[in-house]
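All remarks here apply to the structure that follows.
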There are 4 protein chains.
Amino acid sequence: MSTAPSPVPARRRADAQRNRDRIIATAHLAFIRHGIGVPMEEIARGAEVGVGTLYRHFADREALLRAVIAAGLERLMTVSRQETDHATDPWGALCRFVRRCVELRLGGTLSALRPRMAQAMKEIAELADARQRMLELLDPLVRGAQERGQMRTDVSTGDMIILIGMLVRHECELTEDKEWITRRHVEIVLDGLRPGGGELPGPTVTLTDFHHD
Amino acid sequence: MSTAPSPVPARRRADAQRNRDRIIATAHLAFIRHGIGVPMEEIARGAEVGVGTLYRHFADREALLRAVIAAGLERLMTVSRQETDHATDPWGALCRFVRRCVELRLGGTLSALRPRMAQAMKEIAELADARQRMLELLDPLVRGAQERGQMRTDVSTGDMIILIGMLVRHECELTEDKEWITRRHVEIVLDGLRPGGGELPGPTVTLTDFHHD
Amino acid sequence: MSTAPSPVPARRRADAQRNRDRIIATAHLAFIRHGIGVPMEEIARGAEVGVGTLYRHFADREALLRAVIAAGLERLMTVSRQETDHATDPWGALCRFVRRCVELRLGGTLSALRPRMAQAMKEIAELADARQRMLELLDPLVRGAQERGQMRTDVSTGDMIILIGMLVRHECELTEDKEWITRRHVEIVLDGLRPGGGELPGPTVTLTDFHHD
Amino acid sequence: MSTAPSPVPARRRADAQRNRDRIIATAHLAFIRHGIGVPMEEIARGAEVGVGTLYRHFADREALLRAVIAAGLERLMTVSRQETDHATDPWGALCRFVRRCVELRLGGTLSALRPRMAQAMKEIAELADARQRMLELLDPLVRGAQERGQMRTDVSTGDMIILIGMLVRHECELTEDKEWITRRHVEIVLDGLRPGGGELPGPTVTLTDFHHD
DNA sequence: GATGAATGAGACTTCATTCAT
DNA sequence: TATGAATGAAGTCTCATTCAT
């Protein structure tokens with residue numbers, strides 16, 4: 001078709017990758033905006049590809065959802081390492097990390113997983129993985145902050161992860177022009193984690209508590 | 001109209017009312033457990049009535065959802081008045097109220113309304129009403145607690161209502177055997193509302209902020 | 001409940017009859033206005049009775065439809081005898097009869113029978129009966145008019161009956177404020193039945209042609 | 001774009017078009033035979049496609065109905081131009097046109113539109129259009145015939161269109177083996193339009209009378 | 001690889017009819 | 001006898017997924 005030395009074969013890959021990325025980005029927004037049940041065709045339309053293309057990349061809705069989550073977590077981990085590596089101020093690093101999590105807006109997609117899947121959660125390897133990695137990331141910060149008396153000692157890293165989930169979802173309940181409200185509430189929660197609060201009921205949250213939630 | 005037994009006239013009505021109640025109760029659970037999209041037939045089956053009966057009582061899924069919410073809010077308001085009437089200890093009353101809200105498990109149904117309806121919310125008169133009534137209920141408590149120095153003064157009753165929403169939904173993300181975790185986090189948030197926290201970004205949440213959220 | 005010598009028992013029958021009549025009248029209108037498929041409940045509502053009452057009087061939709069038709073035909077036959085008895089002017093009587101048929105507005109209901117029932121027609125005894133009676137009524141008029149040279153001789157009474165059906169349905173296609181149009185077209189058809197027209201294709205319509213239409 | 005065979009590019013489109021055509025043809029018959037309420041699935045089955053395909057082509061029953069009508073009117077206009085162009089005998093052309101209308105069997109579908117839509121009619125652009133086009137087509141014929149004394153002068157083109165509607169629907173009331181009856185009655189009506197008839201009541205039908213019928 | 005038409009299972013909703021009061 | 005609540009079959013429509021081009 002063309003006389004130039006075919007630059008096509010390499011391009012193909014690039015196009016496909018670009019499609020894949022656009023689909024994930026579109027799906028992320030669509031899941032947040034219209035719920036986990038958005039018609040696949042709407043996602044395809046948003047990404048400006050045919051449904052067929054969407055299905056070539058992701059076997060079914062579940063697979064797409066997992067990919068969206070994985071992509072989000074990837075971004076989260078990248079970002080968070082920047083915040084936390086070589087932290088000399090563990091409490092400050094913890095705070096920045098929490099604020100970042102909220103800003104990434106993963107909440108909508110993550111909480112979309114809830115219905116019917118309390119247990120299906122476990123089957124999504126990416127999630128368990130991410131929690132594990134997040135635990136490893138946060139644990140030194142939590143301990144460090146507690147040792148320095150910057151943080152109450154009756155909460156665990158497990159509590160932190162669940163609280164982050166709460167804030168992240170909270171953000172997604174608000175319309176875009178009201179996001180500033182979440183920022184206030186993030187700070188309130190962080191203040192609640194400072195030493196000097198009242199007694200907390202029950203034991204701290206541990207890794208094993210994640211097995212069923 | 002009279003106190004006499006009068007057994008005959010109101011009979012069938014009673015059956016119908018019982019059905020209506022069972023449908024609402026079943027739907028409440030179903031919405032929480034399987035999401036807002038549960039097949040209507042499953043709800044009907046759970047309530048042990050035919051689909052037709054369900055539809056005689058509620059014109060469509062939306063109507064049922066609204067009824068479930070209205071019923072929940074009714075319970076909430078009843079309960080909350082018990083907690084807050086004649087309160088001599090505003091902060092204590094506020095805390096008990098928050099804990100109660102969480103225990104009532106309205107969160108699942110309420111947050112089920114989110115997708116596609118950030119603004120449709122307004123059209124659900126019951127919700128706007130309830131927020132207004134809640135505001136009126138809480139405002140004296142918040143002010144009272146703040147006047148006595150029991151609560152930070154840079155949060156408003158509007159913030160409180162949104163925070164309650166957050167906790168209430170948080171509770172519903174957890175499986176039944178992990179509810180105790182929420183109780184811990186409720187206390188952390190309450191601690192964060194005590195005086196002495198860091199500065200909060202943005203203005204306090206006011207009534208007008210509800211118009212779009 | 002009352003002190004007067006109970007006038008109730010006799011009233012009951014009267015009430016029931018009144019209900020029956022109201023149902024038929026309402027159904028007649030409803031069939032014409034909303035088609036043969038109107039919800040039974042709508043008919044009941046229009047007649048201001050419960051569905052149950054409707055079903056006590058008429059076993060099912062079909063039965064109601066037949067009753068409506070029978071009532072209409074009854075009125076038609078009554079009226080038409082007034083027009084045609086002792087007629088000394090057969091053509092004039094025929095014309096008056098045709099105009100009356102149209103005015104009675106049976107068309108909607110009659111034509112409602114069409115779909116799916118080309119043959120079911122035969123099963124509705126009332127219809128076959130009525131056609132037979134109409135035939136007996138009109139035959140002398142047609143023959144009389146033809147003998148006097150007032151009417152073309154290449155049409156039969158069978159043609160007349162079918163033409164009347166056409167005009168009667170025609171009337172029902174027009175909205176109420178356009179009924180006057182039908183009156184014009186009735187006259188055009190009657191003019192077309194006068195002697196002197198062009199040749200007509202096919203044989204005249206006979207009784208046996210009704211068996212399948 | 002080119003006259004060359006170009007076998008590849010338009011292929012699937014052809015299949016889709018074939019499906020669309022078959023659906024319309026099947027629906028036309030089904031509407032006539034079983035009424036406007038035929039199950040969509042039956043139409044799909046008749047056209048040998050899945051329901052989904054039917055719905056991909058036509059958003060709902062209404063849309064399908066409109067398409068059927070549009071297709072019918074298209075055929076009608078094509079055919080009628082053949083009859084009427086360059087007519088040197090206006091009355092003869094008018095007669096041939098009327099006979100053609102009846103033969104095309106559009107009546108069933110057109111009259112299926114009646115219930116509940118006396119006014120909705122206007123919203124079906126195709127219908128209003130067609131009436132307008134038909135008016136323009138017939139008007140010269142009517143005037144020509146009247147000027148030559150071949151047609152009574154107290155009827156208008158508006159009357160003609162409504163009469164055609166009557167005959168067209170009339171044809172559809174009869175079973176297939178009785179179609180010959182309509183042909184007789186068409187001639188009777190045409191004879192009634194000849195000069196010399198009795199006086200007609202009311203004014204002639206004008207364009208403005210269509211606005212509400 | 002991309003496309004979008006076709007498919008059919010399944011959810012939603014309506015209504016004719018029954019039945020307990 | 002009248003009532004209207006309950007039932008469930010049947011029809012409409014949507015959408016995930018497949019597949020021919």
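Letters A, B, ... are given to chains in the order of the sequence lines, protein chains preceding strands, and every chain is numbered from 1.
In a base pair of the Watson-Crick type (N1 to N3 plus N6-O4 or O6-N4) or a G-U wobble (N1-O2 and O6-N3), with each distance short of 3.5 Å, F/dT21 is matched with E/dA2. Nucleotide F/dA16 forms a Watson-Crick or G-U wobble pair with E/dT7, both donor-acceptor distances falling under 3.5 Å.
Across the interface with DNA chain F, nearest-nucleotide mapping of D/Gly52 and C/Gly50 shows C/Gly50 to be the residue nearer the 5′ end. Along DNA chain E, the nucleotide closest to B/Gly37 and the one closest to C/Asp60 are compared, and the more 5′ of them pairs with B/Gly37. Looking at which nucleotide of DNA chain E each of C/Pro39 and A/Glu48 is closest to, the 5′-most match is held by A/Glu48.
Side-chain nitrogen and oxygen atoms of D/His57 include at least one within less than 4.0 Å of the OP1 or OP2 phosphate oxygen of E/dA6. Phosphate contact (OP1/OP2 of F/dT1, side-chain N/O of C/Asn19, threshold under 4.0 Å): absent. D/Thr53 has a side-chain polar atom (N or O) that falls below the 4.0 Å cut-off from OP1 or OP2 of E/dT7.
One can place CD1 of B/Ile43 at 17 Å from P of F/dG8, the figure rounded to the nearest angstrom. Straight-line distance from the CZ atom of D/Arg45 to the P atom of E/dT7: 14 Å, rounded to whole Å. Look at CG on B/Leu54: it is 15 Å from P on E/dA11, rounded to the nearest Å. Atom C1' of nucleotide F/dA2 and atom CD1 of C/Ile23 are separated by 11 Å, given to the nearest angstrom. In this entry the distance linking CZ of C/Arg61 with C1' of F/dA9 reads 15 Å, nearest Å. Rounded to whole angstrom, the span from the CZ atom of D/Phe58 across to the C1' atom of F/dT12 amounts to 17 Å. Look at CG on D/Asp15: it is 15 Å from C1' on E/dT3, rounded to the nearest Å. Nucleotide F/dT14 holds its P atom 14 Å from the CD atom of D/Glu41, rounded to whole Å.
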Please evaluate residues D/Arg61 and D/Phe31 with respect to the criterion side chain to side chain contact (heavy atoms under 4.5 Å, CB included), reporting the C-alpha separation (whole Å), side-chain torsions for both, the decisive distance (0.1 Å), and the verdict. CA-CA 11 Å; D/Arg61 174 186 298 281; D/Phe31 284 148; 4.0 Å; yes
Check the pair D/Arg20, D/Phe58 against side chain to side chain contact (heavy atoms under 4.5 Å, CB included), reporting the backbone distance first and the verdict last. CA-CA 9 Å; D/Arg20 201 190 134 90; D/Phe58 308 99; 3.5 Å; yes
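For B/Arg56, the listed nucleotide lying nearest its side chain is F/dG4; candidates were F/dG4, E/dA5, F/dT12. Distances were taken from every side-chain heavy atom of C/Met40 (C-beta onward) to each of E/dT7, E/dA16, F/dT12; the shortest belongs to E/dA16. Across E/dT7, F/dA16, E/dA2, the shortest atom-to-atom separation from the side chain of D/Val49 is found for E/dT7. Counting only heavy atoms from C-beta on, B/Val51 has its side chain closest to E/dT13 among F/dA6, E/dA2, E/dT13.
Shortest non-hydrogen contact noted between D/Ile43 and D/Val38 is CD1-CG2, 4.0 Å.
Note that CD1 of B/Ile23 is 13.0 Å distant from CZ of B/Arg18, once rounded to the nearest 0.5 Å.
Formation of a donor-acceptor pair under 3.5 Å by the A/Thr53 side chain with backbone atoms of A/Val49 is not found in this model.
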